[in-house]
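Input: a single structure, listed below in structure tokens.
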Amino acid sequence: MVSISQISVERPTSYFNDLEEKIFSLFERLKIDYEYVLNDAVETMEECIAIDKSLNCEIRKSILLTNKKHTTFFLIVLPAKKNLDVKLLEKKIGISGLSFANGEEMERILGVIPGSLTVLSVISDLDDYVQVIIDKEILDSKYFACNTGTNQRHIKIKTGDLIRYLKHIHHKMKEIEF
């Protein structure tokens, strides 16, 4: 069973990595309200179910894909129970030959390691390699929850604030119905 802290709404006094500090600093500047919990490290979406209950919001799944040349990346955000149909995605975005990005690419471009990927990590993508694609079902939800660049802290914000965050860091988001 995953150990989970009480919900906090105060800015953390310590961070697991530099990415988290950047995220919380930007949330503060943008006046984005949040709730978060600390938890034992989780490796699967099934382990996140207890965190979902604690935050009263489903933790969303993030997947990083790349084109054949590894020059463009696609950060896909899905509901936890949805599986990614790569062939369908290729048709919808007009790019064939997508494959999963490797851990080295994830760390170099987004500053996260496998198991800690989050849409919030695009704040580290200064060269605009990553295109964000979010499932329509998520955008229709009032709240959004994910990790903060570590699988030991999960955060809940309003979905509208996620969109505002992405716009502020100049990352366009594409909505797709999977």
Side-chain angles (χ1 to χ4, degrees), residues 2 4 7-9 19-20 22-24 26-37 39 42-67 72-95 98 100-101 106 110 112 115-125 128-151 153-178:
V2 176
I4 304 169
I7 290 176
S8 180
V9 296
L19 174 61
E20 274 199 316
K22 284 187 217 175
I23 291 167
F24 279 101
L26 184 53
F27 280 0
E28 190 173 283
R29 285 196 310 273
L30 296 176
K31 297 185 180 358
I32 292 177
D33 293 327
Y34 51 80
E35 298 178 355
Y36 69 85
V37 294
N39 51 268
V42 292
E43 302 293 329
T44 66
M45 295 310 295
E46 289 78 28
E47 290 177 298
C48 290
I49 292 172
I51 300 167
D52 295 350
K53 290 177 184 171
S54 181
L55 287 173
N56 196 28
C57 186
E58 181 185 73
I59 304 301
R60 303 310 187 162
K61 167 173 30 180
S62 295
I63 301 166
L64 189 63
L65 300 176
T66 184
N67 64 355
T72 302
F73 296 84
F74 303 88
L75 198 157
I76 315 303
V77 184
L78 296 168
K81 291 178 177 70
K82 268 195 185 175
N83 291 318
L84 176 62
D85 182 336
V86 176
K87 294 296 177 197
L88 175 65
L89 176 63
E90 288 176 340
K91 285 179 187 173
K92 288 190 178 234
I93 64 173
I95 296 175
L98 293 176
F100 291 94
M106 195 180 295
L110 297 173
V112 294
S116 296
L117 182 61
T118 173
V119 68
L120 301 177
S121 65
V122 294
I123 194 171
S124 298
D125 176 30
D128 243 2
Y129 289 121
V130 181
Q131 296 179 31
V132 177
I133 299 173
I134 301 180
D135 185 273
K136 181 183 183 323
E137 180 182 324
I138 292 171
L139 296 174
D140 290 341
S141 302
K142 183 175 182 176
Y143 291 101
F144 178 85
C146 63
N147 75 55
T148 58
T150 173
N151 60 9
R153 188 185 327 257
H154 288 79
I155 194 165
K156 173 183 166 182
I157 60 176
K158 288 183 179 175
T159 303
D161 285 336
L162 171 64
I163 294 166
R164 196 161 51 95
Y165 171 89
L166 292 171
K167 284 181 181 176
H168 184 81
I169 59 174
H170 308 289
H171 266 78
K172 294 180 180 142
M173 175 209 66
K174 185 172 189 158
E175 174 184 326
I176 291 185
E177 194 165 353
F178 287 97

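When reading the values below, keep in mind they use all heavy atoms of this one structure, side chains included, and skip hydrogens, waters and symmetry mates. One is the number of the first residue; the rest follow in order along the sequence.
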Please report the closest heavy-atom contact between [X] and [Y], naming both atoms and the distance.
| X | Y | answer |
| --- | --- | --- |
| V9 | Y34 | CG1-O, 3.5 Å |
| V37 | N39 | O-OD1, 3.8 Å |
| L78 | I138 | C-CD1, 3.4 Å |
| D128 | H170 | OD1-O, 3.9 Å |
| G149 | L19 | CA-CD2, 3.8 Å |
| K22 | I123 | O-CD1, 4.0 Å |

Test item: [X] and [Y] side chains (from C-beta on) under 4.5 Å apart, heavy atoms:
| X | Y | answer |
| --- | --- | --- |
| H154 | N147 | yes |
| T148 | T118 | no |
| L98 | I93 | yes |
| C146 | I155 | yes |
| L89 | L65 | yes |
| F144 | I163 | no |
| K87 | E90 | yes |
| I157 | Y165 | no |

Say you draw a straight line from [atom1] of [X] to [atom2] of [Y]; how long is it, rounded to the nearest 0.5 Å?
| X | Y | atom1 | atom2 | answer |
| --- | --- | --- | --- | --- |
| Q131 | I76 | CD | CD1 | 9.0 Å |
| L64 | F100 | CG | CZ | 10.0 Å |
| D135 | E175 | CG | CD | 8.5 Å |
| D52 | K156 | CG | NZ | 11.0 Å |
| I23 | L120 | CD1 | CG | 4.5 Å |
| K81 | E46 | NZ | CD | 9.0 Å |

Between [X] (side chain) and [Y] (backbone), is there a donor-acceptor pair under 3.5 Å?
| X | Y | value |
| --- | --- | --- |
| D125 | L110 | no |
| T44 | E47 | yes |
| N151 | E43 | no |
| K92 | E177 | yes |

(message) Tell me which pairs pass side chain to side chain donor-acceptor pair (under 3.5 Å) where either residue lies in residues 54-65, with sequence neighbours left out.
(response) E58-R60, R60-S141
(message) Evaluate F73 against V122 for side-chain contact (heavy atoms from CB on, under 4.5 Å), listing each step before the verdict.
(response) CA-CA 11 Å; F73 296 84; V122 294; over 6 Å; no
(message) Checking K158 now: which residues fulfil side-chain contact (heavy atoms from CB on, under 4.5 Å) with it, not counting sequence neighbours?
(response) Y143, D161
Tell me whether [X] at atom [atom1] has more than 12 heavy atoms from other residues, nucleotides or ligands lying less than 6.0 Å away.
| X | atom1 | result |
| --- | --- | --- |
| K91 | NZ | no |
| Y129 | OH | no |
| K82 | NZ | yes |
| D33 | CG | no |

(message) I need the single residue from V77, I176, I134, L162 that forms a side chain to side chain contact (heavy atoms under 4.5 Å, CB included) with L139. Which is it?
(response) I134
(message) Angle between ring planes, F24 versus F27, binned at 30° and 60°: parallel, tilted or perpendicular?
(response) perpendicular
